[in-house]
Amino acid sequence: MIPIQPDRFLEDLHALRRFGASGVGKGVQRPAYSPPDIEARDWLAGRMEAAGLAPRFDPMGSLFGIAGERSLLLGSHSDSQPEGGWLDGALGVIAALEIARAAREAGGPAISAVSFQDEEGRFGVTTGSAAWAGALDRERAQTLVDSDGVTLAEARAAMGARLGDWLDPAQFTGFVEMHIEQGPVLDRTAGKIGVVEAIVGIRDMVVQFEGQQNHAGTTPMALRQDAFQGLVAFAGLLNTRLAEVVTPDTVWTIGHVALHPNAHSIVPGRAAFSVQWRDGDAGRLDRMEAIVRDTAQEVAETHGLACSFGPMLGVPPVAMDAGLRAALAEAAEAQVPGLWRPMPSGALHDASNAARLMPAAMLFVPSIGGISHDFAEDTDEADLVTGLQVMADAVARIAS
């Protein structure tokens, strides 16, 4: 067993929270490449060095603490949402630091740590780990633009001389990421640990209905070609039809709506809206796509509207490595017998990119109320320590 020190782990976790502290509860504001993000990375580099790890920044600004030999890699990310919680990503980074440090103090096994850059998507989706893993073209990455029109290359320049070369993934035997669940399942079932079976795939596209913009007072209801009413009908039908092909873990969302001209006294002539769906089975994602398209076309014909579709975006499902999952499950049963469960991850994580390069797995701890991406995000510290203990136990099993 690796002799972790829970108090030291919690002290470092709270110390990291101070970089970009929001002033609201335990919330943080530490977007990628912002001054708080860079200050946090400098602090982490110092903590890694003090732990006997060699800190190395790659060209994206992801920070690795290298054990100096072929090693297991642990970690997550330390950037946050614009209004984020103190644990999302940070938990996995500090857990990696503590386990790597404790293992080194005990004379092994060799454990390296990482904090990937821009997991939260200021410039895309898990940008730092995607570039490292080859899931994102590294030259194209520099041209990505955030919501304020800043390119990644411009933002990255703030890291200055810290940036180094790409690290060879062949030096790592695998990747394990500890994370908060960011959902309500463990919290509602009094579970302590989730062992992730797969990270779901995502499909996302924009659908547009186009009708006839007209006067809201003089156009009879029966003669309207109201694009928004088309959207309303589509949403209701979609829920009914998708329910016939999905599982309890499948989710779908209409998350962004733009009406034109978006005025009180005008029948909307155009409604553009996003439709996103997530599931761990690629075939099911395909069936859901067919339902989305067929339902939109049917509603358009019924309401006298034109229908068009934007480009399909998304990522495929990624299964976690069976051997690493087994080690996590054995450790969970040893530490909290009967209080763990296998489960999917409905959110994307850096582990999905690492899995392109090496065996990868994930461990979840509960999120109070299922809240994340919010200043109110939190987890009982006893549950954080339990997760750390399970992680350390699993790492010892993997190393042996």
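What's counted below: heavy atoms across the whole structure, side chains too, no hydrogens, waters or symmetry copies. Residue numbers start at 1 and run along the sequence shown.
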Are more than 12 heavy atoms from other residues, nucleotides or ligands located less than 6.0 Å from atom CZ of R138? yes

According to a 4.5 Å side-chain heavy-atom criterion applied to Ile, Leu, Val, Met, Phe, Trp and Tyr, with indirect links allowed, do L144 and V315 form part of one hydrophobic cluster? no

Give a yes or no on whether the ring-centroid distance for F64 and W132 is below 6.0 angstrom. yes

F209 and F228: aromatic ring centres closer than 6.0 Å? no

For the pair Q276 and R278, evaluate side chain to side chain donor-acceptor pair (under 3.5 Å) and give the outcome as yes or no after the intermediate values. CA-CA 7 Å; Q276 182 186 100; R278 305 187 184 206; 2.8 Å; yes

Counting heavy atoms not belonging to M312, are there more than 12 under 6.0 Å from its CE? yes

Out of T127, D88, D118, which one pairs with D79 under the side-chain contact (heavy atoms from CB on, under 4.5 Å) rule? D118

Run the numbers on R162 and D58 for salt bridge (Lys or Arg N to Asp or Glu O under 4.0 Å), then give the verdict. CA-CA 9 Å; R162 297 174 182 82; D58 76 5; over 6 Å; no

State whether the side chain of R30 and the backbone N or O of F19 hold a donor-acceptor pair below 3.5 Å, judged by distance alone. yes

Ignoring hydrogens and geometry, is there a side-chain-to-backbone donor-acceptor pair from H215 to G217 under 3.5 Å? yes

Looking just at side-chain N and O atoms, do D204 and W277 make a donor-acceptor pair shorter than 3.5 Å? no

Looking only at side-chain N and O atoms, does S112 offer a donor or acceptor that is under 3.5 Å from a partner on S71? yes

When you measure from the side chain of R284 to the backbone of V245, do you find a donor-acceptor pair of N or O atoms at a distance under 3.5 Å? yes

List the steps, then state whether side chain to side chain donor-acceptor pair (under 3.5 Å) holds for R224 with T219. CA-CA 7 Å; R224 295 186 180 198; T219 308; 5.2 Å; no

Looking only at the side chains, is there a donor atom on one of E177 and H77 sitting less than 3.5 Å from an acceptor on the other? no

Would you say that more than 12 heavy atoms from the other residues, nucleotides or ligands in this model lie under 6.0 Å from the CZ of R140, or not? no

Same apolar cluster (I L V M F W Y, side chains within < 4.5 Å links), L348/V114: no

Ring-face cation contact, F309 with R293, 6.0 Å cut, 45° max: yes

Might you work through the salt bridge (Lys or Arg N to Asp or Glu O under 4.0 Å) test for E49 and R101, ending with a clear yes or no? CA-CA 10 Å; E49 190 166 27; R101 178 169 49 199; over 6 Å; no

Report yes or no: is the cationic atom of R56 (NZ for Lys, CZ for Arg) under 6.0 Å from the centre of the six-membered ring of W166, at an angle within 45° of the ring normal? no

Any sub-3.5 Å donor-acceptor pair from T151's side-chain atoms to E154's backbone N or O? yes

Whether the Q117 and D37 side chains hold a donor-acceptor pair (N or O, under 3.5 Å, no angle test) is what I'd like checked. yes

S372 side chain vs Q182 backbone, donor-acceptor pair below 3.5 Å: no

Tell me whether the count of non-hydrogen atoms from other residues, nucleotides or ligands lying under 6.0 Å of CG in D168 goes above 12. yes

For E98, the option from L74, I2, L388, L10 that meets side-chain contact (heavy atoms from CB on, under 4.5 Å): L388

Using distance alone, with no hydrogens and no angle criterion, decide if D279 and T250 have a side-chain donor and acceptor under 3.5 Å apart. yes

Under 3.5 Å, side chain of S274 to main-chain N/O of H256, donor-acceptor pair present? yes

Single-linkage hydrophobic cluster M343~I202, side-chain heavy atoms < 4.5 angstrom: yes

Do the side chain of R122 and the main chain of A32 share a donor and acceptor less than 3.5 angstrom apart? yes

Within the 3.5 Å criterion, strictly below it, is a donor on D378 or W86 matched to an acceptor on the partner's side chain? yes

Salt bridge or not for E330 and R397, using N-O below 4.0 Å? yes

Is the number of heavy atoms from other residues, nucleotides or ligands under 6.0 Å of E11 CD greater than 12? no

